[in-house]
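Okay, so here's the structure we're looking at.
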Number of protein chains: 2
Amino acid sequence: MLMDTNNSLPTNSINKGSHSLGRLFLQLRRLERQPQTFGKAGSLTPSEIHTIEAIGCEGGILMNELATSLGVTKGAVSQLVVRLEAKQLVKRSSYPHDSRAVLISLTDKGKEAYKAHEEVHVQFYDQLRAQLSQQEIEIFEKCIDKLNEFLRK
Amino acid sequence: MLMDTNNSLPTNSINKGSHSLGRLFLQLRRLERQPQTFGKAGSLTPSEIHTIEAIGCEGGILMNELATSLGVTKGAVSQLVVRLEAKQLVKRSSYPHDSRAVLISLTDKGKEAYKAHEEVHVQFYDQLRAQLSQQEIEIFEKCIDKLNEFLRK
DNA sequence: CCAACAAGTTTAGGAACTAAACTATGCTCA
DNA sequence: TGAGCATAGTTTAGTTCCTAAACTTGTTGG
């Protein structure tokens with residue numbers, strides 16, 4: 001009865017890209033689950049390395065900012081920071097203007113992990129670039145940006 | 001002392017794409033966490049809808065196949081299937097050639113969820129396509145495929 | 001001064017796994 | 001044939017990564 005409620009269009013070609021994108025999501029989902037080792041920092045879970053990435057090498061960041069930047073609750077960040085502090089990748093310091101607030105920043109060891117992770121990203125991307133022409137890269141980046149903008153909504 | 005150990009290259013342009021890609025990962029990570037409602041099937045968690053997607057509308061699939069297709073252990077699939085069965089989206093039946101095996105297939109309600117989800121995907125992709133030229137789409141899809149291939153390793 | 005608010009922390013609980021033990025069936029070959 | 005091993009699924013205990021909600025402290029505007 002309801003076989004192919006999909007209507008009219010040459011669905012094949014449309015679905016092809018949608019399907020590739022679906023597979024990409026699945027791959028990333030899988031990838032984003034396994035811990036990795038970065039520099040001397042030892043094995044870090046995906047959340048941990050993302051947190052380090054979000055803190056950044058320069059200056060400190062408030063818990064609140066970190067939470068919105070990562071798109072999680074402040075409770076989640078609080079827990080993450082406890083773990084990272086225990087691993088000595090991150091340190092807390094007080095925020096001059098408001099004694100409730102806590103400034104989070106990377107320790108030297110944390111910065112090392114940051115750099116190592118960034119290095120992995122860049123190398124990965126370099127490998128991808130190596131298989132594409134200059135023009136393709138530009139278009140690809142444009143599309144990724146559009147996609148990002150799109151997902152933000 | 002160790003400011004910019006990154007060497008020589010015009011790092012900006014390289015990092016730009018790598019950074020966009022990083023943000024995409026984060027966005028997807030966030031997106032892949034919240035449940036959504038599909039058709040009359042009620043609210044489904046990301047894992048649930050992915051499982052339904054992997055089972056597919058035609059015929060049945062074995063637990064084992066499902067596990068490899070989703071990239072998780074059979075234990076994980078087993079648990080998922082219990083939940084989906086309780087929600088009456090999926091049914092088990094016996095596999096003629098091997099009485100140990102279990103064939104999983106979608107119920108009518110499950111198929112509805114499948115279609116609704118597929119519709120969301122296609123619409124999403126259509127919206128993206130609408131902002132790109134034909135040539136850009138082709139290149140984008142090519143890049144996505146390359147990326148997929150790349151992540152599989 | 002103090003009520004309302006804001007920054008973080010804590011706690012309980014759920015989702016989504018994994019690894020490993022377990023059950024039950026199927027296969028092989030001496 | 002049947003002992004031993006492999007294979008299909010299930011179960012269980014434990015982990016990670018969250019969230020929501022209650023709490024603790026500190027800030028601020030009437």
Side-chain angles (χ1 to χ4, degrees), chain A residues 25-36 42-55 60-87 90-105, chain B residues 25-36 42-55 60-87 90-105:
Chain A
F25 285 23
L26 256 187
Q27 299 260 27
L28 291 180
R29 184 184 172 74
R30 187 148 55 228
L31 199 142
E32 281 293 298
R33 237 183 284 130
Q34 31 206 165
Q36 264 189 275
S43 178
L44 298 179
T45 67
S47 288
E48 288 169 351
I49 196 62
H50 278 137
T51 305
I52 287 176
E53 191 182 5
I55 293 171
I61 184 172
L62 298 180
M63 283 292 198
N64 235 341
E65 298 169 346
L66 198 47
T68 49
S69 155
L70 288 171
V72 297
T73 61
K74 55 212 175 103
V77 173
S78 196
Q79 295 168 41
L80 244 341
V81 167
V82 167
R83 272 216 319 265
L84 289 174
E85 207 180 9
K87 290 188 178 183
V90 139
K91 59 177 184 284
R92 296 174 204 243
S93 42
S94 62
Y95 182 59
H97 310 305
D98 187 337
S99 69
R100 291 168 304 176
V102 179
L103 267 179
I104 309 298
S105 54
Chain B
F25 285 24
L26 255 187
Q27 300 259 26
L28 291 180
R29 185 183 171 74
R30 187 149 55 229
L31 200 141
E32 282 293 298
R33 234 184 286 129
Q34 31 206 165
Q36 264 188 275
S43 178
L44 298 180
T45 67
S47 288
E48 288 170 349
I49 196 61
H50 278 136
T51 305
I52 286 176
E53 192 182 6
I55 293 171
I61 184 172
L62 297 181
M63 283 293 199
N64 236 340
E65 297 169 346
L66 199 45
T68 48
S69 156
L70 288 171
V72 298
T73 62
K74 56 210 175 106
V77 173
S78 196
Q79 295 168 40
L80 245 339
V81 167
V82 167
R83 274 219 314 267
L84 290 174
E85 207 179 10
K87 290 188 178 184
V90 139
K91 61 176 186 286
R92 295 172 204 244
S93 43
S94 63
Y95 182 59
H97 310 304
D98 188 337
S99 68
R100 290 168 304 178
V102 179
L103 265 180
I104 309 298
S105 55

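This structure is a prediction, so every number in the text was calculated from the model and none was measured.
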Any [X] side-chain nitrogen or oxygen under 4.0 Å from OP1 or OP2 of [N]:
X: Arg92(B); N: dG9(D); result: no
X: Arg100(A); N: dT27(D); result: no
X: Thr73(B); N: dC17(C); result: no
X: Arg30(B); N: dC18(D); result: no
X: Thr45(B); N: dA15(C); result: no
X: Arg83(B); N: dA16(C); result: yes

Check every atom of [options] against the side chain of [X] and return the nucleotide holding the closest atom.
X: Asp98(A); options: dA16(C), dC17(D), dT27(D); value: dT27(D)
X: Met63(B); options: dG9(D), dC18(D), dT25(C); value: dG9(D)
X: Lys74(B); options: dA8(D), dG26(D), dT19(D); value: dA8(D)
X: Gln79(B); options: dA13(D), dT9(C), dG9(D); value: dA13(D)

>> I need the Met63(B) CE to Arg100(B) CZ distance, nearest 0.5 Å.
In response: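 One gets 14.5 Å once the value is rounded to the nearest 0.5 Å.
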> If you look at every strand shown and take non-hydrogen atoms under 4.0 Å, does Pro46(B) touch a base, only sugar-phosphate, or nothing?
Replying inline: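 Here Pro46(B) touches the backbone only, sparing every base.
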> So what does Ser78(B) hit on the nucleic acid, given a heavy-atom distance under 4.0 Å: a base, only sugar-phosphate, or nothing?
Replying inline: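 Since a base atom lies under 4.0 Å of Ser78(B), the category is base.
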>> Taking the nucleotide of DNA chain D with the nearest heavy atom to each, does Val77(A) or Ala76(B) sit closer to the 5' end?
In response: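 Looking at the nearest nucleotide for each, Ala76(B) comes out on the 5' side.
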> Hey, which of these two, Glu48(A) or Ser99(A), hits DNA chain D nearer its 5' end, going by closest nucleotide?
Replying inline: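 Its nearest nucleotide lies further toward 5', so the answer is Glu48(A).
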Distance check needed: [N] [atom2] versus [X] [atom1], whole Å only.
X: Ile49(A); N: dT16(D); atom1: CD1; atom2: C1'; answer: 16 Å
X: His97(B); N: dT7(D); atom1: NE2; atom2: C1'; answer: 17 Å
X: Glu65(A); N: dA6(C); atom1: CD; atom2: P; answer: 16 Å
X: Leu66(A); N: dG8(C); atom1: CG; atom2: P; answer: 10 Å
X: Glu32(B); N: dC17(D); atom1: CD; atom2: C1'; answer: 15 Å
X: Asn64(A); N: dT25(D); atom1: CG; atom2: P; answer: 19 Å
X: Leu80(A); N: dT15(D); atom1: CG; atom2: P; answer: 17 Å
X: Leu28(B); N: dC17(D); atom1: CG; atom2: C1'; answer: 17 Å

> Can you list every salt bridge (charged side-chain N to carboxylate O under 4.0 Å, His left out) pair that touches residues 60-83 of chain A, not counting sequence neighbours?
Replying inline: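 Sorted result for residues 60-83 of chain A: Glu48(A)-Arg83(A).
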> With nearest nucleotides of DNA chain C determined for Arg33(A) and Leu62(A) from heavy-atom distances, which residue corresponds to the more 5′ nucleotide?
Replying inline: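 Nearest-nucleotide comparison on DNA chain C picks Leu62(A).
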With a 4.5 Å cut-off on side-chain heavy atoms, are [Y] and [X] touching?
X: Thr51(A); Y: Leu70(A); answer: yes
X: Leu103(B); Y: Arg92(B); answer: no
X: Val72(A); Y: Arg33(B); answer: yes

>> For a side chain to side chain contact (heavy atoms under 4.5 Å, CB included) check, start with the C-alpha distance between Gln34(B) and Ser43(B), then their side-chain angles and the critical distance, and finish with the verdict.
In response: CA-CA 10 Å; Gln34(B) 31 206 165; Ser43(B) 178; over 6 Å; no
